[in-house]
Every structure is written in C-alpha cells, then in structure tokens.
**Q** 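One structure, as structure tokens, below. Some questions next.
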Amino acid sequence: MTTNSPLWYKDAIFYELHVRAFYDSNADGIGDLPGLTEKLDYLQTLGVNCLWLLPIYPSPRKDDGYDIADYYNIDPAYGTMQDFENFIHAAHQRGLRVIMDLVLNHTSDQHPWFQAARASKDSPYRDYYVWSDTDQKYADARIIFLDTEPSNWTWDEQAGQYYWHRFYASQPDLNYDNPAVRQEMLRVADFWLQKGIDGFRADAVPYLIEREGSNCENLPETHDYLKQLRAHIDEGYPGRILLCEANQSPQDVRPYFGEGDEFHMGFHFPLMPRIYMSLQKETIRDLQEILAQTPPIPENCQWCIFLRNHDELTLEMVTEEERQWMWQQYAPDPRMKLNLGIRRRLAPLLQNDRARLELANSLLLTLPGAPIIYYGDEIGMGDNLLLPDRDGVRTPMQWDSSPQAGFSTTTPATPLLTGDYAPERVNVQDQLQNPASLFHALRHMLQVRQQSPALGQGSLHWHNPGNPAIALYERRHLQERVLILHNLSGLAQVASLGGGFPAHVRNLLTDQTQPLPTEILLQPRQFLWLALED
Ligand code: NOJ
C-alpha cells in the first residue's frame with residue numbers, strides 16, 4: 001500500500017471495532033483504550049490499514065455512544081485522554097491509521113447544550129436544537145427507528161415545546177440553520193484532528209437540515225455545510241479523510257462526493273444486501289444490477305464496502321418484496337428482525353459455512369471499493385439474540401478459550417457468546433495456531449489484495465461466462481489486470497471464457513502460474529483471482 005500518498009484511503013483495508021468490546025485491560029469488564037493498544041499487534045498481523053472506532057465520548061449510552069454528552073472528552077470507562085494519545089501514537093508507529101465517528105446530527109439529551117436549551121427559551125443554546133409548538137411539522141420525514149419511535153417529535157415538559165429527533169428521543173437533533181452549531185462542530189473536528197486522527201466516519205449526514213415539504217434528507221443546504229466541513233479539513237489537515245454514512249441509493253449518495261470536494265469516501269449501502277441475495281439465489285443478477293446503477297465517482301473518491309457492521313443488516317435500500325424475501329431467507333426467527341433490518345452477524349447469516357464465508361469475503365475484497373471488516377468476523381464470531389437492540393452483534397472479542405475469553409479477567413459487562421460460537425469454539429488464539437483457520441484464509445486474502453493496486457482501485461469490467469451462477473469480472477489499473485471468478489452455486493459450474501485472455505495466468509492466491517483454458521470447471525463456491533500478465 002502507498003501509505004504516504006494523500007490518496008491512501010483508495011486502497012486501504014478498514015477494520016471497524018468497538019473499544020468497549022475489544023479488550024479490557026483494567027478488569028472492570030469493559031474494553032478500553034489501553035486494551036486496544038495492547039492488541040494492535042494482532043491487527044497488524046491480520047493486515048488491515050485503518051481502524052474505525054465506534055464512539056468513545058462520554059455518553060449515557062442510550063444508543064451505545066451515538067448519544068454524545070461531551071464532544072471533547074473520552075468516556076472514563078474507556079480510559080483517559082492520555083490513553084487516547086498513547087493509542088494513536090502506537091497505531092501510527094505500526095503504520096495503522098485511525099478514524100473516529102463524528103456525530104453531527106444529534107447530541108444526547110444529557111448534553112449540557114440540551115439541558116440549557118430545555119431550561120430556558122432565552123438560553124443561547126435553545127437555538128442549538130429544533131423546536132416546535134406542534135408535532136405536525138416536517139410530516140414527510142420518515143421514522144428511522146421504527147420499532148421504538150412513534151414520531152420524530154417528542155414533547156419536552158420542561159421546555160414546553162416539542163423537539164425534533166431522527167433517532168431515539170434521547171438524541172435531539174442539532175439545528176444546522178444556526179451558524180453557532182455549524183461553527184461548533186468544526187471546532188469538534190479540529191479538536192480530534194489535532195490529536196492526530198486520520199479522519200472521521202461522519203454519522204447520519206443526510207438528516208442535518210429540515211425543510212417543510214421535503215423528506216428532510218439530502219437537502220442542498222446539508223451538502224453546503226458538508227462541503228464547508230471538507231474545505232475546513234483540507235485546509236488544516238491535508239491527507240485526513242471524511243467517510244460518509246448516508247444510507248441512500250447510489251444516485252443519492254453520489255452528490256456526497258461532490259466534485260471531489262465533499263466526502264472522500266461513502267459507504268455503498270445498497271450493494272451489501274445484494275451480496276447476500278446473490279449468495280442465496282446463487283446468481284449474479286442483483287449484484288450486477290446495483291453496480292450498473294452505481295454512477296462513477298470523482299477520481300479522488302472511493303466507495304467503502306462491507307458485509308456487516310455494528311448495526312442491523314439494513315434493508316432500507318431494497319424493495320418491499322426484496323425485504324420480505326431477505327427476512328424469509330436470513331431472519332427466520334422474529335427476534336432476528338430489527339427496524340428494517342436483520343440483527344445478526346456474518347457467520348450465523350451464512351450458516352457458519354466456511355465455503356460461504358470465504359466466498360463472501362472474496363467478493364468483499366475484489367468488488368470495487370475499500371473493504372471494511374467488522375471485528376470478530378475474521379474469526380467467524382456469532383451473535384446473541386437475547387440481548388436488546390443491536391447489542392447482540394457487539395459482544396466481547398473472543399481472544400482465547402478461557403472462561404472470560406481472554407477479553408477480561410472478570411465477567412464482561414456484555415455477556416460472552418455461548419453454544420456454537422462460544423469462546424471454546426471460536427477464538428483468536430486457536431485460529432492463529434491453526435494455519436487452516438478462517439483467520440489465516442482471510443489474512444492471506446488481505447495480503448494478496450494489498451499487493452494488487454488493481455484490486456484496490458482498479459476499474460470493473462464484467463465478462464459473460466454464459467452461466468448466471470458465475471460472477472466473472474476483471475479489475476484493471478494501469479497495466480495490471482486481474483480476472484476474478486466466483487462460483488456462487490453450491491454445485492460445480494462451468495465458466496466459458498471465450499477468447500481474448502492469455503494462455504497462462506498467475507493464480508494470485510496460490511502464486512502458481514497455470515494454463516487458462518477457454519472453459520473452467522469451478523468447484524462449489526470456488527473463487528479464483530487470476531493475474532493476466534501476458
Ligand atoms: C448510525 C449508527 O451507525 C447507528 O449505530 C446509530 O444508532 C445512528 N446512526 C444514530 O447515531
């Protein structure tokens with residue numbers, strides 16, 4: 001990887017983790033920053049380039065830290081500011097970059113700004129939030145947390161008015177029509193960038209501004225502010241990045257890249273469920289369709305692609321019919337559903353089937369975009385449906401088979417997994433020792449991908465193998481060409497290559513040169529990464 005290039009993010013591999021769930025260094029049952037720092041060698045061994053930390057700011061944790069009560073501190077449960085600085089330093093020493101969540105849209109209702117705002121109409125903080133005497137305004141805005149929130153307005157007794165919130169009622173939205181708010185959040189960005197972080201994953205950006213008669217998403221005024229934030233960051237901190245969380249169609253995400261002057265990166269939300277559709281239907285159709293609908297993005301931008309994250313597997317970006325189908329296939333137990341999604345981890349979703357897990361990861365690592373791996377998925381951790389909300393996919397990292405899974409020396413605050421995914425069955429230590437483990441398979445794929453700029457930033461070209469169960473595409477960058485084959489089917493399948501390819505290719509995953517016949521027989525769920533070198 002070109003670590004020092006300002007475009008480092010284009011071929012980086014990201015790793016998303018929850019400090020709370022990673023490693024507990026002080027025996028209180030909660031993961032912390034010194035703990036994470038101790039585990040950096042592990043992350044280096046895995047071979048990722050950039051860590052994305054879920055929020056670690058002081059918070060009453062009604063939304064696990066996405067409800068921030070103080071933007072300028074670290075939650076004491078996770079350590080001190082000194083611990084944070086040590087962590088950043090240690091990560092950078094190992095060539096690992098770090099991005100953090102920038103939660104722009106809302107604060108916690110426990111934030112002093114909201115406390116002051118609700119206490120008095122005359123407070124300068126009153127106008128930091130969005131108030132109304134009725135709950136009828138902005139009626140065209142959808143409710144996101146459908147399972148819990150009846151309305152985007154909540155009556156505040158103390159304020160004597162309703163306040164606006166797109167997420168939990170405990171997360172009042174900030175008012176981006178107020179210049180003081182806009183300025184304040186630039187200061188927040190400065191604060192953390194000055195600590196040396198490499199950028200932000202900007203949370204929930206479509207919802208910053210509300211306008212009557214619109215759905216209050218993706219408004220031009222919202223883009224104006226985000227461009228201002230980008231210009232501010234470029235000016236003071238070149239090389240740092242902004243990653244956009246906008247759960248929207250590719251057409252609606254495209255403007256978040258601007259002309260290369262808004263976000264550097266954006267999650268490709270709609271691609272994710274279509275990977276699962278393709279795996280289950282054993283055909284490339286849904287994948288091809290969504291990629292065909294994905295507009296080109298500016299040269300200095302990159303998509304971020306993922307299989308799972310800390311939220312429910314969102315089905316917002318599929319049709320009603322597709323959603324019902326996904327629920328039928330992947331959420332047979334009603335407890336698996338949450339809002340418009342599925343609260344399960346990767347391994348259980350794919351029946352803990354090794355071939356499916358590798359196939360899915362191979363798609364993740366070869367389709368266009370920078371991949372994000374969700375902590376624990378590299379060893380095939382499971383989930384806990386007994387925990388509320390999304391907590392079941394945020395359980396402690398399983399380091400070894402000891403009673404506390406090597407996560408802590410005391411009982412973890414969030415329970416460990418049991419059954420098929422218990423630490424005795426799934427843990428880092430065993431997999432590190434076993435060269436045939438999922439961990440090593442994935443690590444090897446990451447190593448190979450790191451050496452191929454075409455897999456990082458190459459263009460995508462589909463070929464027709466005459467068989468819809470086979471995904472056959474090429475990634476091209478400068479002189480480098482890599483041909484990718486995936487057999488999505490549980491049965492052996494033939495791919496017809498036709499002419500135009502060299503007679504011999506180098507298999508990147510085995511590092512062997514092999515002949516390339518015009519017809520290839522692929523074993524069930526087999527995949528090949530072939531360098532076309534002639
Ligand atoms: C998106 C985050 O990923 C999710 O975890 C959170 O609940 C909402 N934004 C609100 O901040």
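If you're wondering where the values come from, they're calculated on a predicted model, not measured in any experiment. In this chain, residues are counted from 1 in sequence order. Each ligand, and each atom within it, is numbered from 1 in the order the structure gives.
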**Q** Does F267 have its ring centroid less than 6.0 Å away from the ring centroid of F306?
**A** yes
**Q** Relative to ligand 1, is R201 under 4.0 angstrom through side chain, backbone, both or neither, heavy atoms considered?
**A** side chain
**Q** Note the single closest protein heavy atom to atom 1 (C) of ligand 1, along with its residue, its atom name and the distance in Å.
**A** D203 OD1, 2.9 Å
**Q** Looking at H106, M185, E184, which hits side-chain contact (heavy atoms from CB on, under 4.5 Å) with L174?
**A** M185
**Q** Could you find the nearest protein heavy atom to atom 7 (O) of ligand 1 and give me its residue, atom name and distance?
**A** D63 OD2, 2.6 Å
**Q** Residues in salt bridge (charged side-chain N to carboxylate O under 4.0 Å, His left out) with R230, at least two apart?
**A** D234
**Q** Which of the atoms in ligand 1, numbered in the order shown and given with their element, are less than 4.0 Å from a heavy-atom of H106?
**A** 10 (C), 11 (O)
**Q** Will you find, in the side chains of S170 and D67, an N or O donor that is under 3.5 Å from an N or O acceptor?
**A** no
**Q** Side chain, backbone, both or neither: which part of F145 comes within less than 4.0 Å of ligand 1 when only heavy atoms are counted?
**A** side chain
**Q** Is it the case that the side chain of R323 and the backbone of V318 share a donor-acceptor pair, with hydrogens and angles ignored and the cut-off at 3.5 Å?
**A** yes
**Q** List every atom of ligand 1 that sits less than 4.0 Å from any heavy atom of R390, numbering the atoms from 1 in the order shown and giving each element.
**A** 4 (C), 5 (O), 6 (C), 7 (O)
**Q** Where does the angle between the aromatic ring planes of H111 and W113 fall among parallel (under 30°), tilted (30 to 60°) and perpendicular (over 60°)?
**A** tilted
**Q** Please confirm whether V103 approaches ligand 1 to less than 4.0 Å, judged on its heavy atoms.
**A** no
**Q** So which protein heavy atom does atom 5 (O) of ligand 1 come closest to, and at what separation?
**A** D311 OD1, 2.6 Å
